[in-house]
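Whatever order the structure lists them in is the order used to number ligands and atoms, beginning at 1.
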Amino acid sequence: MSTGLRARRAVETLKEYHPPLGGREGLRLDFNENVDGCSPRVLETLHSMTAETLNKYPEREPGEQAVARHLGVDAAQVLLTNGVDEAIHLLAETYLEPGDEALIAVPTFSMYEIYALATGAAVRSVQSGEELKFPAKDLMRAITPQTRLICVANPNNPTGAIATCDELLAIVHAAPQAAVLIDEAYIHFGGESLLREIGGIDNLFISRTFSKAYGLAGFRLGALVGSAGQLKMLRRVASPYNVNGVALTCLAAALDDGEYISSYVAQVLEGRSELERFYRERNIPYWPSQANFVLAYFGEYRKEFISEMRERGILVRDRNSDPGCAGCVRITLGNRQQTARLLRELPEALASIGFAPQSLPVPSTKEA
Ligand SMILES: Cc1ncc(COP(=O)(O)O)c(C=O)c1O
């Protein structure tokens with residue numbers, strides 16, 4: 001029976017976000033996860049856990065101290081979160097109210113818009129140009145006195161494009177009334193970090209995740225770095241137990257195994273060059289990437305290509321509905337063997353759908 005209970009208007013009008021989960025069997029090159037695995041030291045720690053890890057409420061502070069040491073900042077400047085998703089949610093809850101504006105450059109990661117809209121604030125989206133480069137000047141022009149949150153992924157998802165530190169700092173300084181999140185989820189694979197600016201700029205926040213290079217997407221572990229004073233506000237909103245005890249217990253092992261990360265990152269970068277070379281040789285338009293994936297244009301063959309790859313046991317991601325990405329598919333890079341498999345299957349898949357390279361509907365650079 002309907003009780004007449006209604007969700008807030010901002011929630012009722014929110015569009016549903018359904019990542020295509022379910023039945024993700026095969027080589028998962030669709031979610032930018034680390035499909036190689038994770039550090040064996042993390043697995044060892046997992047196996048040595050006792051009931052106490054589970055029956056005790058988790059303590060976040062030792063984890064924040066470890067991450068702070070690793071990043072070279074103070075523990076008061078780190079808030080561990082349930083993935084970067086929660087960091088974005090907390091920023092939106094802390095700084096936005098109805099009438100405020102959040103500013104994003106699209107295409108980009110979907111959760112910035114969703115969490116901002118859920119507060120009742122408006123979202124202003126600045127479209128990246130035809131080359132899908134970071135639209136720094138247009139973003140600066142879109143800042144208003146109502147702008148209270150700006151989110152920039154650097155490198156960006158799904159384009160792999162980067163913003164320069166100068167561009168980002170100009171934005172941070174042009175909007176002192178706004179929390180500016182630089183989301184460095186893919187920073188292991190390219191781009192320059194703004195971490196050194198933390199402490200000096202009150203409205204700057206940086207997020208890092210353990211879901212990508214560390215291979216721990218299932219842990220849901222992220223870190224938000226910012227000024228100690230601003231993070232105090234965010235801690236008021238966050239659950240004291242937002243990060244689970246299993247993830248916290250494994251954190252030190254993940255941070256300590258730098259060798260695992262550098263070996264995996266090196267394989268991704270090698271694979272990225274090979275995939276980009278493949279696209280160049282086939283005249284398939286793509287966007288040079290600084291992340292662990294590459295976005296390419298398959299035009300009218302997009303759907304058939306995606307299902308042909310699925311038939312061959314490789315999942316790739318349809319980005320057709322992202323603004324400016326009609327006809328585009330994003331492929332994540334894995335380890336060396338996985339890239340070899342991808343590059344074996346790709347030409348066969350294209351041949352079996354009778355693919356002919358498609359020109360972009362608008363002129364764009366395809367140079368690496
Ligand atoms: C730019 C960006 N930020 C954050 C995330 C999510 O990170 P987490 O798994 O830590 O919530 C993603 C995931 O795809 C992403 O692309």
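Under the rule for a ring-ring contact (aromatic ring centres under 6.0 Å, His included), the partners of Y301 that lie at least two apart in sequence or sit in another chain are F355. Evaluation of the side chain to side chain donor-acceptor pair (under 3.5 Å) rule for E167 yields T164 as partners, not counting sequence neighbours.
Listed for the R28 side chain is no donor-acceptor partner under 3.5 Å among the backbone atoms of L315.
For R148 and Y95, the positive end is not near the middle of the six-membered ring at less than 6.0 Å and at most 45° from its axis.
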Using distance only, find each side-chain donor-acceptor pair of residues 69-80 under 3.5 Å and give its atom names and separation, not counting sequence neighbours.
unit_1: Q77; atom_1: OE1; unit_2: D74; atom_2: N; d: 2.9

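No side-chain donor-acceptor contact under 3.5 Å links R330 and S289.
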So what's ligand 1 close to, N/O to N/O, under 3.5 Å?
unit_1: ligand 1; atom_1: 3 (N); unit_2: D183; atom_2: OD2; d: 2.6
unit_1: ligand 1; atom_1: 9 (O); unit_2: S211; atom_2: OG; d: 2.6
unit_1: ligand 1; atom_1: 9 (O); unit_2: R220; atom_2: NH1; d: 2.8
unit_1: ligand 1; atom_1: 9 (O); unit_2: R220; atom_2: NH2; d: 3.4
unit_1: ligand 1; atom_1: 10 (O); unit_2: V84; atom_2: N; d: 2.7
unit_1: ligand 1; atom_1: 10 (O); unit_2: T209; atom_2: OG1; d: 2.5
unit_1: ligand 1; atom_1: 10 (O); unit_2: S211; atom_2: OG; d: 3.4
unit_1: ligand 1; atom_1: 11 (O); unit_2: V84; atom_2: N; d: 3.1
unit_1: ligand 1; atom_1: 11 (O); unit_2: D85; atom_2: N; d: 3.0
unit_1: ligand 1; atom_1: 11 (O); unit_2: D85; atom_2: OD1; d: 3.4
unit_1: ligand 1; atom_1: 11 (O); unit_2: R220; atom_2: NH2; d: 2.7
unit_1: ligand 1; atom_1: 14 (O); unit_2: Y186; atom_2: OH; d: 3.3
unit_1: ligand 1; atom_1: 14 (O); unit_2: K212; atom_2: NZ; d: 2.8
unit_1: ligand 1; atom_1: 16 (O); unit_2: N157; atom_2: ND2; d: 2.7
unit_1: ligand 1; atom_1: 16 (O); unit_2: Y186; atom_2: OH; d: 2.7

